Amino acid sequence: MVLCGSNGYEQKYYFNEEFSNLPEAVQKELQVMCVWFTEECGGILTMEFDENGELAFKHTTSEYDGYYDEIGADLKIKQYREERRELLEKLELYYQTWFLMKEYSR
């Protein structure tokens with residue numbers, strides 16, 4: 001499930017409304033992270049939860065994008081994982097609690 005994402009080609013940000021009950025400050029921080037990533041590295045970034053509730057950063061690019069910095073993108077994701085570890089862990093716990101538990105209880 002996609003949490004949020006940014007498209008550097010169209011200069012658009014997406015936030016999944018299913019997560020609208022997250023605090024405004026968290027939503028804003030996610031937006032800054034995504035937009036800053038695509039401004040620095042280019043391409044498209046999405047933050048997605050996998051079936052186990054782990055948050056993954058997925059970045060893609062157009063095959064015609066000669067300016068995309070794949071190494072820089074990997075380094076930026078590593079930086080996010082280190083500097084925002086607490087936020088990312090809490091988001092995973094939130095998802096596992098509110099979304100995966102609903103599926104298990106069905």
Side-chain angles (χ1 to χ4, degrees):
M1 176 178 288
V2 174
L3 170 62
C4 58
S6 180
N7 185 324
Y9 304 116
E10 297 178 11
Q11 297 186 346
K12 290 186 178 180
Y13 172 73
Y14 167 78
F15 181 78
N16 187 339
E17 289 300 318
E18 291 193 49
F19 297 96
S20 62
N21 60 346
L22 285 171
E24 178 98 16
V26 172
Q27 292 183 38
K28 195 64 154 167
E29 187 165 355
L30 291 169
Q31 181 177 7
V32 168
M33 289 171 62
C34 287
V35 172
W36 189 355
F37 177 94
T38 54
E39 286 292 317
E40 285 189 16
C41 305
I44 300 167
L45 174 72
T46 56
M47 296 174 69
E48 305 176 19
F49 291 102
D50 68 13
E51 64 276 352
N52 298 316
E54 293 181 16
L55 191 57
F57 290 83
K58 299 192 177 182
H59 57 99
T60 57
T61 182
S62 164
E63 64 184 87
Y64 304 108
D65 187 350
Y67 295 104
Y68 183 71
D69 182 4
E70 188 168 350
I71 294 171
D74 289 338
L75 291 172
K76 178 56 84 178
I77 291 170
K78 182 179 179 185
Q79 176 187 354
Y80 282 165
R81 289 210 175 274
E82 290 173 1
E83 292 178 357
R84 296 192 169 82
R85 178 185 330 227
E86 186 176 345
L87 170 66
L88 299 175
E89 288 174 353
K90 287 180 180 180
L91 285 168
E92 289 177 343
L93 181 60
Y94 165 84
Y95 181 78
Q96 292 164 359
T97 302
W98 292 102
F99 289 88
L100 293 182
M101 294 305 277
K102 285 181 187 177
E103 288 181 24
Y104 292 131
S105 64
R106 289 183 191 176

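Side chains are part of it too, since the values below use all heavy atoms of this structure and drop only hydrogens, waters and symmetry mates. Note that the structure is a prediction, hence the values are computed from the model and not measured.
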For this session: Specify the closest pair of heavy atoms between Val2 and Asn16, including all atoms of both residues, with the distance to one decimal.
Result: O-ND2, 2.8 Å
For this session: Answer whether the closest heavy-atom distance between the side chains of Tyr14 and Ile44 falls below 4.5 Å.
Result: no
Problem set entry | Minimum side-chain heavy-atom gap Phe15-Leu3 below 4.5 Å | yes
For this session: Measure across Ser6 and Cys34 and return the closest heavy-atom pair with its distance rounded to 0.1 Å.
Result: CB-O, 3.4 Å
Exercise. Nearest heavy-atom pair of Leu91 and Leu55: which atoms, and what distance?
Worked result: CD1-CD2, 4.2 Å
For this session: Return the set of residues passing salt bridge (charged side-chain N to carboxylate O under 4.0 Å, His left out) with Lys90 (not counting sequence neighbours), or none when no residue passes.
Result: Glu86
Problem set entry | Within one Ile-Leu-Val-Met-Phe-Trp-Tyr cluster: Met47 and Tyr9, side-chain cutoff 4.5 Å | no
Exercise. Is the side chain of Asn52 donor-acceptor paired with the backbone N or O of Glu54 at a distance under 3.5 Å, no angle test?
Worked result: no
Problem set entry | Exam field: side chain Glu48 to backbone Ala56, donor-acceptor pair closer than 3.5 Å | no
Exercise. Is there a side-chain contact between Arg81 and Leu88 (heavy atoms, below 4.5 Å)?
Worked result: yes
For this session: Apply side chain to side chain contact (heavy atoms under 4.5 Å, CB included) to Glu24 and list each qualifying residue two or more places apart in sequence or on a separate chain.
Result: none
Problem set entry | Nearest heavy atoms of Leu30 and Cys4, plus distance in Å | CB-SG, 4.0 Å
Exercise. Any side-chain heavy atom of Met1 sitting closer than 4.5 Å to one from Phe19?
Worked result: yes
Exercise. Are Leu93 and Tyr95 connected, step by step, through hydrophobic side chains (Ile, Leu, Val, Met, Phe, Trp, Tyr) whose heavy atoms are closer than 4.5 Å?
Worked result: no
Exercise. Do Phe49 and Tyr94 have ring centroids that are under 6.0 Å from one another?
Worked result: no
Exercise. Are side-chain heavy atoms of Val26 and Leu87 found at a separation under 4.5 Å?
Worked result: yes
Using distance only, find each side-chain donor-acceptor pair of residues 72-80 under 3.5 Å and give its atom names and separation, not counting sequence neighbours.
from  : atom 1 : to    : atom 2 : distance (Å)
Asp74 : OD1    : His59 : NE2    : 2.9
Lys76 : NZ     : Glu40 : OE1    : 3.2
Lys76 : NZ     : Gln79 : OE1    : 3.2
Gln79 : NE2    : Glu83 : OE1    : 3.2
Gln79 : NE2    : Glu83 : OE2    : 3.2
Tyr80 : OH     : Met33 : O      : 2.7

